[in-house]
Structure formats: structure tokens, C-alpha cells
Colleague: 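Structure provided below as C-alpha cells; questions to follow.
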Amino acid sequence: MTATKTSTVTAEPGLPFVDVVRTFDASAERVYRAHTDAEIFAQWIGPRKYATSIDHFDARTGGSYRFSQSDTEGNQYAFHGSFHELTSPTRMVQTFEFEGAPGHVSLDTAVLEDLPDGRCRLTVHSTFQAVEDRDAMLQAGMTDGMNEGYERLDELLAHDGA
């Protein structure tokens, strides 16, 4: 297992954006695949306490996705969105919506950059419709869930699972 890393998360006051930067011990190609291959994606997205089921995952420009997560008590949380641009292995643009808060959609632009040492940097810019929407996502635990998911992805990448 690799050492625990965290993402750098920036949310400037008064602006409806969240910026995330994270480095992975893998190439951009492998990290891109982990985001766009439904089988791999389901293994790492979100906190460990949730099991993820993919309802559909058409990872192509113009495609869409829907997945749900459930806990041991039977609670279920669903998410969906559209892939606006997928350019392998450097760029992903998609919407993200939690079905428990319909109408609060973010547009996420992710850029992957290979680094000289064999690692890559993921930079995500999430645009929310309002500052209040952004703040609600942050208060709901977005950062913790994202970091735990990325830790799971680190583990998959370390064991050639992605």
C-alpha cells in the first residue's frame, strides 16, 4: 500500500468553484482508464463503506452514466451525468448530479498530466450553479469522500488493478 496522500482542495469564498489537485503513482493513461472503465470505476469511487453498482456507463463524448452506492443498512444514493468530452488520456469533461438533490448539477473538467517521474497530476475544476450548491456539497463531505475514493484508486493502481 502506498503512503496516504490527500488532495489539495481550493474553494475561494464567493465563487461557485472547487479546484482539486492530486498526484498519482501511475501514468495519465492508467488514471484516465480508471475513470472511464465502468468495472474499475466501481471499485474505487467514494468511501469504503459504500458498495457501488453501475446502472449504465457509456464513457464516450456524448455518453452518459448512472451509478448508485449502498451501505450495510440498505441506504442507497444515486448519481448521474453526461460525458461532454473524453480525450484520452488527458481530459474529461462531465456533469455530476446527486439524485438526492435534483437540479444541483456541477460541470467537472479534469485534466491529467504525465510527470517526468512516471507519476501523473490530476487537476479538476468543478463549476457549480451557485455558491450555495458548492458549499452544500463541501458540507456534505465531498472532500472526505473524494480523498477516500482516491486512496482506494491508489491501492488499485499499486496492485495493477487499474
Side-chain angles (χ1 to χ4, degrees), residues 2-47 52 54 56-67 69 79-98 101 104-131 133-162:
T2 59
T4 301
K5 297 184 259 183
T6 58
S7 304
T8 301
V9 179
T10 305
E12 295 291 336
L15 298 175
F17 310 119
V18 172
D19 291 301
V20 177
V21 178
R22 174 126 180 157
T23 302
F24 291 94
D25 295 330
S27 67
E29 183 177 335
R30 290 183 65 212
V31 175
Y32 179 90
R33 181 171 175 249
H35 281 80
T36 58
D37 180 303
E39 185 177 316
I40 298 169
F41 182 79
Q43 294 178 56
W44 67 265
I45 190 68
T52 299
I54 303 292
H56 73 272
F57 204 84
D58 183 11
R60 63 176 177 84
T61 298
S64 64
Y65 69 90
R66 184 178 189 274
F67 66 93
Q69 296 181 318
F79 308 86
H80 70 270
S82 299
F83 295 107
H84 291 266
E85 177 191 342
L86 292 179
T87 304
S88 178
T90 59
R91 187 171 159 89
M92 300 170 283
V93 180
Q94 65 193 65
T95 57
F96 179 85
E97 183 173 2
F98 170 48
H104 299 279
V105 181
S106 66
L107 178 66
D108 304 330
T109 301
V111 175
L112 287 159
E113 173 188 7
D114 277 318
L115 301 173
D117 59 3
R119 297 178 308 143
C120 77
R121 178 182 302 116
L122 170 67
T123 303
V124 180
H125 179 74
S126 295
T127 303
F128 294 84
Q129 294 169 303
V131 172
D133 292 345
R134 182 212 57 189
D135 291 348
M137 282 293 285
L138 290 168
Q139 291 168 0
M142 171 188 162
T143 302
D144 292 339
M146 178 189 58
N147 278 325
E148 192 168 341
Y150 285 158
E151 288 170 11
R152 295 171 69 190
L153 177 53
D154 283 332
E155 293 164 12
L156 284 173
L157 292 166
H159 294 97
D160 289 330

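These numbers were taken from a predicted model, which means no experiment stands behind them.
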Colleague: Rounded to the nearest 0.5 Å, what's the gap from CG on Leu86 to CD on Gln94? Could you check?
Modeller: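 Output value for this atom pair is 7.0 Å.
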Colleague: Counting only N and O atoms by type, is there a donor-acceptor contact under 3.5 Å from the side chain of Arg66 to the main-chain atoms of Gly81?
Modeller: no
Colleague: About how many Å separate NE2 of His84 and CG of Leu107, when rounded to the nearest 0.5 Å?
Modeller: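 The distance works out to 6.0 Å.
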Colleague: Describe, in one word, how the ring planes of Phe41 and Trp44 are oriented to each other, choosing from parallel (under 30°), tilted (30 to 60°) and perpendicular (over 60°).
Modeller: perpendicular
Colleague: Identify which one of Thr10, Asp19, Asp108 satisfies the side-chain hydrogen bond (donor to acceptor under 3.5 Å, both in side chains) criterion when paired with His125.
Modeller: Asp19
Colleague: Considering all heavy atoms of both residues, which atom of Ala110 and which atom of Leu122 are nearest to each other, and what is their separation?
Modeller: CB-CD1, 3.9 Å
Colleague: Kindly compute the distance separating CD1 (Ile45) from CD1 (Ile40), expressed to the nearest 0.5 Å.
Modeller: 13.0 Å
Colleague: Any luck finding a side-chain donor-acceptor pair between His56 and Ser64 under 3.5 Å?
Modeller: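 Yes, because at least one side-chain N or O of His56 sits under 3.5 Å from a partner of the opposite role on Ser64.
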Colleague: Looking only at heavy atoms, which two atoms of Ala42 and Ile54 are closest? And how far apart?
Modeller: CB-CG1, 3.9 Å
Colleague: For the residue pair Thr123 and Val20, establish whether any side-chain heavy-atom pair is separated by less than 4.5 Å.
Modeller: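 They are not in contact (no side-chain heavy atoms under 4.5 Å apart), so the answer is no.
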Colleague: When rounded to the nearest 0.5 angstrom, what distance separates CZ in Arg22 from SG in Cys120?
Modeller: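 With rounding to 0.5 Å, CZ (Arg22) is 10.5 Å from SG (Cys120).
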Colleague: Please confirm whether the backbone N or O of Arg30 pairs with a side-chain atom of Ser27, one donor and one acceptor, at under 3.5 Å?
Modeller: yes
Colleague: Could you walk me through whether Leu153 and His35 satisfy the side-chain contact (heavy atoms from CB on, under 4.5 Å) test, starting with their C-alpha distance in whole Å, then the side-chain angles of each, then the deciding distance to 0.1 Å, before giving a yes or no?
Modeller: CA-CA 10 Å; Leu153 177 53; His35 281 80; 4.2 Å; yes
Colleague: Check this for me: does any side-chain nitrogen of one of Asp58 and Arg60 sit under 4.0 Å from a carboxylate oxygen of the other?
Modeller: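 Counted as a salt bridge, because a side-chain N and a carboxylate O are separated by less than 4.0 Å.
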Colleague: List the atom of Ala130, the atom of Pro16, and the distance in Å for their closest heavy-atom pair.
Modeller: C-CB, 3.8 Å
Colleague: Go through the steps for Asp154 and Leu156 under the test side-chain contact (heavy atoms from CB on, under 4.5 Å), then give the verdict.
Modeller: CA-CA 6 Å; Asp154 283 332; Leu156 284 173; over 6 Å; no
Colleague: Measure across Ala26 and Val31 and return the closest heavy-atom pair with its distance rounded to 0.1 Å.
Modeller: CB-CG2, 4.2 Å
Colleague: Below 4.5 Å, heavy atoms only, C-beta onward: do Arg91 and Tyr32 meet side chain to side chain?
Modeller: no
Colleague: Could you give me the CA-CA distance, side-chain angles and deciding distance for Glu29 and Ser88, then say whether side-chain contact (heavy atoms from CB on, under 4.5 Å) is met?
Modeller: CA-CA 7 Å; Glu29 183 177 335; Ser88 178; 5.5 Å; no
Colleague: When rounded to the nearest 0.5 angstrom, what distance separates OG in Ser126 from CE in Met137?
Modeller: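 CE of Met137 is found 8.0 Å from OG of Ser126.
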Colleague: Tell me if a side-chain donor or acceptor on Arg121 pairs with a main-chain N or O of Leu115 at a distance below 3.5 Å.
Modeller: no
Colleague: Going by heavy atoms in the side chains, are Val18 and Leu138 under 4.5 Å from each other?
Modeller: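 Val18 vs Leu138: side chains touch.
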Colleague: Going through the distances and angles, do Phe128 and Phe96 end up as a side-chain contact (heavy atoms from CB on, under 4.5 Å)?
Modeller: CA-CA 10 Å; Phe128 294 84; Phe96 179 85; over 6 Å; no
Colleague: Pair up each side-chain donor or acceptor in residues 142-150 with any protein partner under 3.5 Å, not counting sequence neighbours, and list the distances.
Modeller:
from   : atom 1 : to     : atom 2 : distance (Å)
Asn147 : OD1    : Ser7   : N      : 2.9
Asn147 : OD1    : Ser7   : OG     : 3.0
Asn147 : ND2    : Thr143 : O      : 3.4
Glu148 : OE2    : Arg48  : N      : 2.8

Colleague: Can you measure from CZ (Phe57) to OH (Tyr65) and round to the nearest 0.5 angstrom?
Modeller: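 Nearest 0.5 Å value for the CZ-OH distance: 8.0 Å.
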Colleague: Is it true that Glu85 and Thr61 share a donor-acceptor pair across their side chains at a distance under 3.5 Å?
Modeller: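 On atom types as modelled, these side chains do not qualify, holding no pair under 3.5 Å.
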